[in-house]
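We use all heavy atoms of the structure for the numbers below, so side chains are in, but hydrogens, waters and symmetry mates are not. Numbering starts at 1 and runs along the sequence shown. In each ligand, atom 1 is the first atom listed, and ligand 1 is the first ligand listed.
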Amino acid sequence: MKTALTIAGSDSSGGAGIQADIKTMITNGVYAMSAVTALTAQNTTGVTGIMDVTGDFLKQQLDAVFTDIYPDAVKIGMVSQSELIEAIAEKLKEYKAKNIVVDPVMVATSGAKLISDEAIDTLKEKLLPMADVITPNIPEGEVLSDRKIESPDDMVTAAKAIFEKYGCAVLLKGGHAMNDANDLLYTEEGPQWFYGKKIDNPNTHGTGCTLSSAIASNLAKGMSMKDAVEKGKEYISLALGAMLNLGAGSGPMNHGFAVTTDWEVTK
Ligand SMILES: Nc1ncnc2c1ncn2[C@@H]1O[C@H](COP(=O)(O)OP(=O)(O)O)[C@@H](O)[C@H]1O
Ligand SMILES: Cc1ncc(COP(=O)(O)O)c(N)n1
């Protein structure tokens, strides 16, 4: 069985962060492991508390994982402090991690800020250049490219700028701010659009976490970047389309739509 590691924050309501990542990885057929960067007290209406782990404890978790069950892919989500980003960069280098997917999480769907300004600089300097692909949404893409993104043409210009600046493939997600679900992948081969049908579902808590974990799972299974993105988009469209409706705010998706309860105990 292929293996994947998520390095991210815990979402107590289970729709985003570590919990979304693990559910996504299981449903995509890989063995899921986690190194927790922070605990959040969070539900569908907002984040009420954040408790970061220490850099040393994050390193301990990464040592424990990499020296025993080597991950075929690594997904990085919420990392709010520079010290933690530095710890991750150091360990990924030490263990020669492969198939690194960075979701540069900055603001939750509910509006809470999940990264310090100083950490954004460290992310740009230390982590993005190590990534195989990064998956910013439009507001994150604006921060990383230092320009406004207001049209599909702007998406191409911004993705190219990020690709050239940080040397990693960029999947710039249109879902949030543009009126459709079209994402742009920018690699050394240039731009490629992935078209999605906008699903009329207000419950989008955790979509970014979920897509990046699906892509990491697909890379772990040996898919090319393009196939990993295409399959990842199919997965998130089905999870959104399952129309789960939980909580008072923007609720979670049904990550396990493809998990069967129709199993039997065999003796
Ligand atoms: N309503 C929707 N219907 C279909 N796909 C969507 C919808 N909203 C987001 N997506 C897709 O979900 C993925 C995550 O995007 P996005 O919501 O922008 O991420 P983030 O949570 O980081 O803001 C993208 O592939 C995007 O196109
Ligand atoms: C612990 C944690 N990590 C990430 C997100 C971002 O979620 P979204 O994918 O909705 O932007 C979140 N709300 N909580």
Quiz prompt | Minimum side-chain heavy-atom gap Lys160-Glu164 below 4.5 Å | solution = yes
Self-check item: Minimum side-chain heavy-atom gap Tyr186-Met155 below 4.5 Å
Solution: no
As an exercise, identify every atom of ligand 2 less than 4.0 angstrom from a heavy atom of [X].
X	value
Gly208	9 (O)
Thr207	9 (O)
Ser10	1 (C)
Ala16	5 (C), 7 (O), 12 (C), 13 (N), 14 (N)
Gly206	8 (P), 9 (O), 10 (O)
Gly9	1 (C)

Within reach of ligand 2, part of [X] (heavy-atom separation under 4.0 Å):
X	answer
Ala20	neither
Thr210	neither
Cys209	both

Practice problem: Provide the full list of side chain to side chain donor-acceptor pair (under 3.5 Å) pairs with a residue in residues 34-43, sequence neighbours left out, each pair given once. | Solution: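 Output for this query lists Thr40-Gln42, Asn43-Thr45.
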Quiz item: In terms of atom number and element, which parts of ligand 1 are under 4.0 angstrom from non-hydrogen atoms of Lys198?
Solution: 1 (N), 3 (N)
Quiz prompt | Salt bridge present between Asp63 and Lys91 (N-O < 4.0 angstrom) | solution =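 A salt bridge is present here (some side-chain N lies under 4.0 Å from a carboxylate O).
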Quiz item: Should Lys226 and Glu189 count as an ion pair when the cut-off is N to O under 4.0 Å?
Solution: yes
Quiz prompt | Nitrogen or oxygen atoms of Met78 and ligand 2 under 3.5 Å apart | solution =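 No - when backbone and side-chain N and O of Met78 are compared with those of ligand 2, no distance drops under 3.5 Å.
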Option of least heavy-atom distance to [atom] (set: [options]):
atom	options	value
atom 7 (C) of ligand 1	Thr207, Leu240, Ile199	Leu240
atom 11 (C) of ligand 1	Lys233, Met106, Lys173	Lys233
atom 2 (C) of ligand 2	Gly15, Gly77, Gly17, Ser13	Gly17
atom 12 (C) of ligand 2	Gln42, Gln19, Lys173	Gln42

Quiz item: Same cluster for Ile69 and Ile76 if Ile/Leu/Val/Met/Phe/Trp/Tyr side chains link at under 4.5 Å?
Solution: yes
Quiz item: Applying the 4.5 Å side-chain criterion to the ILVMFWY set and letting contacts propagate, would Ile100 and Tyr31 be lumped into a single cluster?
Solution: yes
Practice problem: Answer yes or no: does an N/O atom from Gly206 fall short of 3.5 Å to an N/O atom of ligand 1? | Solution: no
Quiz item: Looking only at N/O atoms, are Asn137 and ligand 1 under 3.5 Å apart anywhere?
Solution: yes
Quiz item: For Lys2, does the NZ atom have more than 12 heavy-atom neighbours from other residues, nucleotides or ligands under 6.0 Å away?
Solution: no
Quiz item: Who else is in the cluster with Met243 when I, L, V, M, F, W and Y are joined by side-chain contacts under 4.5 Å?
Solution: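 Met243 shares its hydrophobic cluster with Val101, Val133, Leu171, Leu185, Phe194, Ile199, Leu211, Ile215, Leu219, Met225, Val229, Ile236, Leu240, Met253.
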